[in-house]
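Data first, discussion second: the structure below is written as C-alpha cells.
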Amino acid sequence: MRVRFAPSPTGALHIGGIRTAICNYLLARRHNGVFILRIEDTDQNRYVPGAEAYIIESLKWCGLTPDEGPGFGGDYGPYRQSERMDIYREYAEDLIAKGEAYYAFDTPEELEAEREKAKTAGNHAWKYDAVSRETMRNSLTLSEAETRKWIDSGAAYVIRLKVPVGRTVHIRDEIRGDVHFQTEELDDKVMLKADGMPTYHLANVVDDHLMKITHVIRGEEWLPSTAHHVLLYQAFGWEDTMPVFAHLPLILKPDGKGKLSKRDGVRLGIPVFPISWKGETAEDSFTGFREAGFDPRALVNFLALLSWNPGTEQELFSREELIAAFSLDKVGKAGARFDIEKAKWFNQQYLLNSSPAELAALARPFLAEQGFQPDESYLQAVCGLMRERVTLLTDFGAEAAYFFGPVRHFDTASIAKKWNPGRKPALEDLGKRLAGQSEWKADSIKALVEAWVESSGVKFGEILPLFRLALAGTMKGPGVFEMMEVLGSATVQERWQFALDHFDQTGII
RNA sequence: GGCCCGUUCGUCUAGGGGUUAGGACGCGGGAUUUUCAUUCCCGAAACACGGGUUCGAUUCCCGUACGGGCUACCA
C-alpha cells in the first residue's frame, strides 16, 4: 500500500488537512505501507513562501512524519510538482496524440464572454464541453495547419481533456460506495495551463500513477472531479492500476453552516491550525493548537475520532491502538462539526494520564515563555500536583506560576474573608513551629499543624485557607501540605511571614 | 440553477426490522474532599418529514425538506 498526502502550499494548513493526513498515515501504518508527502505547488499565483515548511513542521509536530517526500527521500521524486513540469507536458502531449485531448486557444476574456452570454440567456452554468467545444477556437475546430500556425505564433493556449459523450463514469468509493456520473455533465477540464503548469487534475493523476499510489484518501470536495480523474486513467490506459478512492467527510464550522475555514478560528477565538502561522498581515496570522497548549497526541486522537469510530466505546487511543483499529469502512459519511470543548477534554485526559516526566517536558516551553527555568526534579514534583487540574499546557503559566516565582496576584476578597487580625500572635507562633520542623514532608507537616491546632484553639479549617492564600495567593490549587512540601521550608516560611505582615491591609497588596 | 454527497440527543457518535435507542463532550443535580480539580453516582436531551415494503420500521425502498460539496487556465 502506498498513500499520499498532497497539500498545496498556499498558506497555513488547517485541521481538516491534518485529519486527511492522519487517515492516510494511519492506513499506511496499519498495512505496513508507505506514507508520502507530495507538494502540489502548481498554482504560481497562490504560492506562499514558507507554507511548505509550515506543512512539514505541522506534520512532524503531530507525529505524522512522511516516509517519502521533499526532504524525506524516496525513489519516486521529485515530490514537488513544480519540479516535475517536463513530465506533465509530456503526458499532456501524449493525451493529444491519443486523441483524448486538444489544444484550445480561447482567451480568458472570450471564455468569460461565453459565460456572460449564457447567463443572460438564463443558463446558469456555461461549460466548455462536447457541445460548446464545436464553436470555440481549438484544434478540433481548426485545421491542422491553422492549429500549427497558432502554436508557432506563440499564442497562449491550454490543453483540454476531450471528455467523451454518452458514457457513465463509475466510481467505486471505499466510504460512499458506488457513485455515477454521466459524461454529458462533465466539462472539458484544462489539463495544461497557458503558463505551462498542469492543473491539479493532470498532475494529480500522473503523479499518483508514477508514484504507484494505491489508495487516494482525500476530502469530499474532490468527489465531483474524481469523474475526470477516472476518465484520465482510462485515457492513459492505466485503468488496471487505478488507485482505490476514499473521500473523507468534511470538518464543519463549530457554529453556523459550511465547512471549517481559516477565518473561523479568529472569529471564534479558537485554534483551527496545528501550529501558529505568521502571515504578511495580522489578518493572515493565526494561533495554533501547539501554542494554545495542546498535546499533539490529544489533537491527533480527537481528529482521528471525527467521522471515524471503530464501533466500540473506547475514545482514548494510543498511537499504536489507533493504527491497529483504523479502517476505511468505519469512516462515516456525514460531515463532523468541530467542537473545541471536546478537543479540550481530550487534552485534559492526556495531561492527566501523563507521567510527571512527560508532563514536565510538555510544560517546560510554556514556563520558559514566562521566564521560568525550573530544575527538572522540582518541575516534575509540581507536575505531579498539577496534573489533575490542568486542561491546557498554558494553564501552567496561568495557574501554577507561584511554584516558580513569587506570588503575583493575591485574591484580596478571599483574604478579607478569611483573615482575622486577632489571630496574628497565634499564627506567628505557628510560623515558629514550622521553622523548627526538621522533616519537610507533607505528612509530617500536617501532623505538626494538627498538633498545633489541638493546643492553640484555632480551628484546622480556619488555618488552611490562610496557608493557601499565603502560599499561592488563591483559594484554588493542590493540597496545602503537598504544596508546602514541594515549595520547601524556606519559601513557606518566607511567604507565611509576608502574609502575616501584609494581610491586615489586603487592599494594599 | 445543474450535478454529486449527506441527515440518530446542542455536539461527536454506537446500533440496526421487534432495544427502556447505548457511550462520550458539554449542561444540571448529588457524593467524596482543607480549596480547586480528580473520581463516583444521578438527571434532562435524539432516530428530519411523508409515503411505501412488512405482522412490525429509527433501521430497507421512493419521494420531500433541510444541510453540505462541486460547478476556474484554484487546489
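This is a predicted model, so every value here is computed, not measured. Hydrogens, waters and symmetry mates are skipped; everything else that's a heavy atom, side chains included, is used. Naming convention: chains lettered A, B, ... in sequence-line order (proteins, then strands); numbering from 1 in each chain.
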Can you identify which nucleotide, out of [options], has its nearest atom closest to the [X] side chain?
X: A:Phe181; options: B:U34, B:C36, B:C3; answer: B:C3
X: A:Val179; options: B:A75, B:C5, B:G68; answer: B:C5
X: A:Arg468; options: B:U39, B:C70, B:U34; answer: B:U34
X: A:Trp345; options: B:U34, B:G26, B:A75; answer: B:G26
X: A:Glu315; options: B:G23, B:C5, B:U35; answer: B:G23
X: A:Lys342; options: B:U71, B:G69, B:C12; answer: B:C12
X: A:Val158; options: B:G67, B:G23, B:C73; answer: B:C73
X: A:Ala336; options: B:C12, B:G26, B:C74; answer: B:C12
X: A:Tyr200; options: B:U13, B:C73, B:A75; answer: B:A75
X: A:Pro224; options: B:U11, B:G69, B:G26; answer: B:G69

So what does [X] hit on the nucleic acid, given a heavy-atom distance under 4.0 Å: a base, only sugar-phosphate, or nothing?
X: A:Pro478; value: base
X: A:Gly477; value: base
X: A:His247; value: nothing
X: A:Arg46; value: base
X: A:Arg337; value: sugar-phosphate
X: A:Ala334; value: sugar-phosphate
X: A:Pro465; value: nothing
X: A:Gly479; value: base
X: A:Leu186; value: nothing
X: A:Leu352; value: sugar-phosphate
X: A:Arg218; value: nothing
X: A:Asp41; value: nothing

Any strand is fair game: report the nucleotide pairing with [N] by Watson-Crick or G-U wobble, both distances under 3.5 Å, or none.
N: B:A57; answer: none
N: B:G67; answer: B:C5
N: B:U38; answer: none

Any [X] side-chain N or O less than 4.0 Å from OP1/OP2 of [N]:
X: A:Arg160; N: B:C73; answer: yes
X: A:Lys259; N: B:C70; answer: yes
X: A:Thr42; N: B:A75; answer: yes
X: A:Lys330; N: B:G15; answer: yes
X: A:Ser307; N: B:U13; answer: yes
X: A:Lys193; N: B:C74; answer: yes

(request) List the atom of A:Lys476, the atom of A:Tyr402, and the distance in Å for their closest heavy-atom pair. (result)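 So the minimum-distance heavy-atom pair works out to O-OH, 4.4 Å.
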
(request) Over all heavy atoms of both residues, which pair between A:His247 and A:Gly219 is shortest? Give the atoms and the distance, please. (result)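 Answer, listing the atom of A:His247 first, then A:Gly219: CD2-O, 3.4 Å.
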
Could you tell me the separation between the [atom1] atom of [X] and the [atom2] atom of [Y], rounded to the nearest 0.5 Å?
X: A:Thr226; Y: A:His201; atom1: OG1; atom2: NE2; answer: 10.0 Å
X: A:Asp264; Y: A:His14; atom1: CG; atom2: NE2; answer: 8.0 Å
X: A:Leu223; Y: A:His229; atom1: CG; atom2: NE2; answer: 10.5 Å

(request) Assess whether salt bridge (charged side-chain N to carboxylate O under 4.0 Å, His left out) is satisfied between A:Arg46 and A:Asp43, documenting all intermediate values. (result) CA-CA 6 Å; A:Arg46 294 215 302 160; A:Asp43 186 349; 3.7 Å; yes

(request) Cation-pi check, A:Arg133 to A:Tyr128: give yes when NZ or CZ is under 6.0 Å from the six-membered ring centre and within 45° of the ring axis, no otherwise. (result)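 Pair A:Arg133/A:Tyr128 does not count as cation-pi.
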
(request) Write down the distance between CE (A:Met386) and C1' (B:U38), rounded to a whole number of angstrom. (result)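 Answer to the nearest Å: 12 Å.
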
(message) From CG of A:Leu248 over to P of B:G6, roughly how many Å is that when rounded to an integer?
(response)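 Rounded to whole Å, this separation is 14 Å.
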
(request) Apply the salt bridge (charged side-chain N to carboxylate O under 4.0 Å, His left out) test between A:Asp207 and each candidate in A:Arg84, A:Arg80, A:Arg4; give the one that qualifies. (result)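 Between A:Asp207 and the candidates, salt bridge (charged side-chain N to carboxylate O under 4.0 Å, His left out) is satisfied uniquely by A:Arg84.
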
(message) Under 3.5 Å, is there any donor-acceptor pair linking the side chain of A:Arg389 to the base of B:C36?
(response)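 Pair found.
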
(request) Please evaluate the base of B:A72 for a donor-acceptor partner in the side chain of A:Lys189 within a cut-off of under 3.5 Å? (result)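 Under the 3.5 Å cut-off, the side chain and the base do not form any donor-acceptor pair.
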
